[in-house]
Amino acid sequence: MEYNFREIEKKWQQWWRDHHTYRTTEDPSRPKFYVLDMFPYPSGAGLHVGHPLGYIASDIYARYKRLRGFNVLHPMGYDAYGLPAEQYAIQTGQHPEITTNENIARYRSQLDQIGFCYDWEREVRTCDPDYYKWTQWAFLKMYGSYYNTDIEKACPIEELVAHFEAHGTENCHAHGTEELRFTAQQWQEMTKVERENTLMNYRIAYRGRTMVNWCPKLGTVLANDEVSEGVSIRGGYPVEQKLMNQWCLRVSAYAPRLLRDLDQVQWSESIKETQRNWIGRSEGAEMTFQVARSDKSLLIFTTRADTIFGVTFMVLAPESDYVADVVTPDRQAAVDEYIDMVKHKTERERMIEKTVSGVFTGSYAINPITGNEIPIYISDYVLAGYGTGAIMAVPAHDSRDYAFARHFDLPIIPLIEGADVTEESFDAKEGIMMNSSNDLLQLNGLTVKEAIEHTKQFINSSGLGRVKVNYRLRDAIFSRQRYWGEPFPIYYDEDNQPQPLPEEQLPLLLPEVDAYLPTETGEPPLGRAKNWVTANGHPLELCTMPGFAGSSAYYLRYMDPHNDNALVSPEANQYWRQVDLYVGGTEHATGHLIYSRFWNKFLYDYGYVCEAEPFRKLVNQGMIQGRSNFVYRIKDTNRFVSLHLKDDYDVTPIHVDVNIVHNDVLDIEAFRQWRPEFKNAEFLLENGVYVCGNAIEKMSKSMFNVVNPDRIVERYGADTLRLYEMFLGPIEMAKPWDTNGIEGVNRFLKKLWNSFFNGDQLRLTDDQPGAEELKAVHKLIKKVTTDIESFSYNTAVAAFMICLNDLGKLKSVSRGVFEPIIILLAPFAPHIAEELWHTLGHTGSVCDATWPQWNEDYLVEATVRYAVMFRGRPRYNIDVPADTPADEVERIALAHEGAAKWLEGNTPKKVIVVPGKLVNVVI
RNA sequence: GCCCGGAUGGUGGAAUGGUAGACACGAGGGACUUAAAAUCCCUUGGCCAUAGCGGCUGUGUGGGUUCAAGUCCCACUCCGGGUACCA
């Protein structure tokens, strides 16, 4: 009987469904393990070959943990809200839900045929009202909360209101209080609307007027992580800065904890570092500069307070509120012109140009230490959103200030001995200070580090300012002017103030609209919905939530997916706690992985979840690149020349569909049918075949290098696909998709099958296993176990091949060693393993077998290499038989040429021999 | 610019500081076959030697530590990823 993977895989997939093999229930008697994949956005292109890489890796781990006796939670779902379905809806008028459901169905069938052990009864879809009810619920909770910086957690906004009533902002530890000051009396005198506006400065979900990334082409705002290099990540459209009223999440309040708690998780150093940079903690000082001949002052932030003696001018961001305070009447026109010019530049233009520009305000500030008057400028190199939107410029020691000073011919005062600032600034924080002493402050002679420390203390004690920690991480903009997303559970009252819907009214269902475009008046698509009002006739919010809303807490919903009363019940949460292994791409480092951590911490503050971090261990699968194939057309002809002959001709390389190329050999007939213009193509062959060229490129439709897993499954079977994807190389490494090696793992499975089948009967003996068999198998158990634990799946697959080769040399294999091999194989190739398992006479699933243990005794080599140790360090290797007695080893060691060289004059006191280990010769 | 990775045969990749190149692909040779496919066996880093044994060299470059370096340290080159007027 041949290895018929089609029949086997179909049969067992059905069997698993019928037997609910992968159904998971909470079972306090067993230890739990939660293995999660980053759920996919179901795009129209279907699952591509890069997706399963991570899914297979996690599936193997989940199956392995189950075999080791863990109760494994391994769910899957869909991140179903997103722009592509909506863009498609705009073009075709088809409801995004229909598109999304079709795509999900396609994904599901593709996933099913690979044989994953997902518990599909726990599936979630972010666009499902039963699911997004809890997204809306969390939003309401955030709306009703503020961040208490004293105890570092979210608290009900009512507590803050009570504090304001009693004390105003005095002794208030709410995130956002620094900017605002009022007394209890003032609070009590505020109108309802004024109070509500005030509270918006503290709510964790708040509506605020902020600078946002506006993408005109998409007609929506975008979060910082959705923009890269001045264009939108989805679509690549230009993005500009715009001041708008938007819903935001106070992620920045959590910045210290998001940074600190990175120590709690087992993530790669690189992804932690990416998050640290994104959070961007910087320690510095805030200082006040008085404006000359005015009662106004400027608050600036600097990390280099030590360079205060070198401040020769100040710069404000064009959007800064200070601008109005300092512009003199005669400069007003010039300033307006400059600000107008900046406003019309897109983010991208601002980045590409990078030319120095700015305008003088007409005012001067007074350096608080030197008393010097210094001019105040406006320039777009200062960002309104960071620090205070105003800086003290030290051209000698900051390259941006230097460029500005050069352009406007401002003085440059070097402050560090030996620093040459005639050509460029000296930015490094090293050296000895100079030009930095007067009656108030003496820094000369100190190192830069000492000077920074000294100045900080001086600033604190002198009342000039205060030491301050700044974070780059900004609040997340949470509104999208889009249709296909979660509606906000918010309405606007008679004063046009946002008000939360009562929790009982959730979910607030996404309404139908007649088109998926903004209204004529420029309102978001929800403006087209009929009766988009509350029971009392109040208008509902027209924006929807962004993609990351639904993906921020999905891992919690899997724990208790059908609960109508809570996102997750305390019981289910206490049992599953957190994700033990999370597998996904690095592209989510600054988006999803920040938002999820934030969301989780918010819920943690209220005790809705019991773990401060959502994902304990994270494994990032590398990106799968495409491997493109080329044919070479001789210029102006319809003749194609094979790769190694092309240098003799003037040729144009043309991308050819990789699906009609096998091992770089072109299927000529398929090529002729591929495109009408190639119907009569002629070929110059080498060795009778047409060899294509290749290149590693991004996987994309236009390069015809997209490989769909369906084709691989069709041709070789799911087990081969699974093994091959793991065999390609380390899971974390980026690598090109190359099907050339797939024959190898397919051959392995066929060999495995054919070695042990004789007709329909297993070709195994019932004898006691021999030493060689035991050695081969225990070697395999050890290797596979340790490799899975360390995610070295590629070497684990190799180990199976080695084992089969070892066993292939034997005349017969006994049942006693064959069974454990099947169990070891089950996580990697579950279908064939299940078939063999049942052929062995088992009636249950191989998924419920027990993972075998290895025994070191069987692994002792006939010859062992010993290293001779000297003062605890291995010095020289000698090979001796494993059973050599200790004194014999000593004699060999001494007699050995190399050993004797250093042992000369040193007589070993004793020689310790441990089988399979190094020999320790103690001097 | 800054921060992370990485560099090993024709290819993907193995190697707790201890025989570099596991395993696989590809290639070459052979067996079986009328033939092909499939399967099996042998060879396969480079150079030299070859009846046979073998010798030299070799992990991006240049140094260093060590009895011993792909692995550790220093300097550099190239490639990939992230990020950027963040004061």
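Treat the numbers as computed from the prediction; the structure is a model and nothing was measured. Proteins come first, then strands; the chains are lettered A, B, ... in the order of their sequence lines, and each starts at number 1.
Under 3.5 Å, the side chains of T795(A) and D787(A) contain a donor-acceptor pair of N or O atoms. With 3.5 Å as the limit, one finds a donor-acceptor pair spanning the side chains of Y386(A) and S282(A). Side-chain atoms of S357(A) and Y338(A) include a donor-acceptor pair closer than 3.5 Å.
Rounded to whole Å, atom C1' of U16(B) lies 11 Å from atom NZ of K782(A).
Heavy atoms of I802(A) sit under 4.0 angstrom from primed sugar atoms or phosphate atoms, though from no base atom. No contact: R281(A) has no heavy atom under 4.0 Å from any strand. Within the nucleic acid shown, N805(A) comes within 4.0 Å of sugar-phosphate atoms alone, with no base atom in reach, counting heavy atoms only.
Among F404(A), F408(A), F289(A), the single residue meeting the ring-ring contact (aromatic ring centres under 6.0 Å, His included) criterion with F313(A) is F404(A).
In this model, the phosphate group of C25(B) is approached by a side-chain N or O of R747(A) to a distance below 4.0 Å at OP1 or OP2. Between Y471(A) and the phosphate of C86(B), there is no side-chain N or O to OP1/OP2 separation shorter than 4.0 Å.
Nearest nucleotide to the M801(A) side chain, out of A87(B), C23(B), A84(B): C23(B). Distances from the side chain of N277(A) to the nucleotides A84(B), A87(B), C3(B) place C3(B) closest.
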* To do: Treat a base pair as Watson-Crick or G-U wobble with both distances under 3.5 Å, then lay out RNA chain B in dot-bracket form, 5' to 3', with | for cross-strand pairs.
  => (((((((..(((.....[....)))((((((.......))))))((((.....))))..(((((..]....))))))))))))....

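One finds no salt bridge joining K468(A) and E283(A) here, because no Lys/Arg side-chain nitrogen approaches an Asp/Glu carboxylate oxygen to under 4.0 Å.
Residues D787(A) and M392(A) both approach RNA chain B. Their nearest nucleotides, taken by heavy-atom distance, put D787(A) toward the 5′ side.
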All N/O pairs under 3.5 Å across the protein-nucleotides 10-14 of chain B interface:
from   : atom 1 : to      : atom 2 : distance (Å)
G12(B) : O2'    : L728(A) : O      : 2.7
G13(B) : O3'    : N794(A) : ND2    : 3.3
A14(B) : OP1    : N794(A) : ND2    : 3.1
A14(B) : O5'    : N794(A) : ND2    : 3.4

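Within the structure, the salt bridge (charged side-chain N to carboxylate O under 4.0 Å, His left out) test picks out the following pairs touching residues 719-730 of chain A (sequence neighbours left out): D59(A)-R722(A).
Remark: the separation of the P atoms in G54(B) and U44(B) is 13 Å, to the nearest Å.
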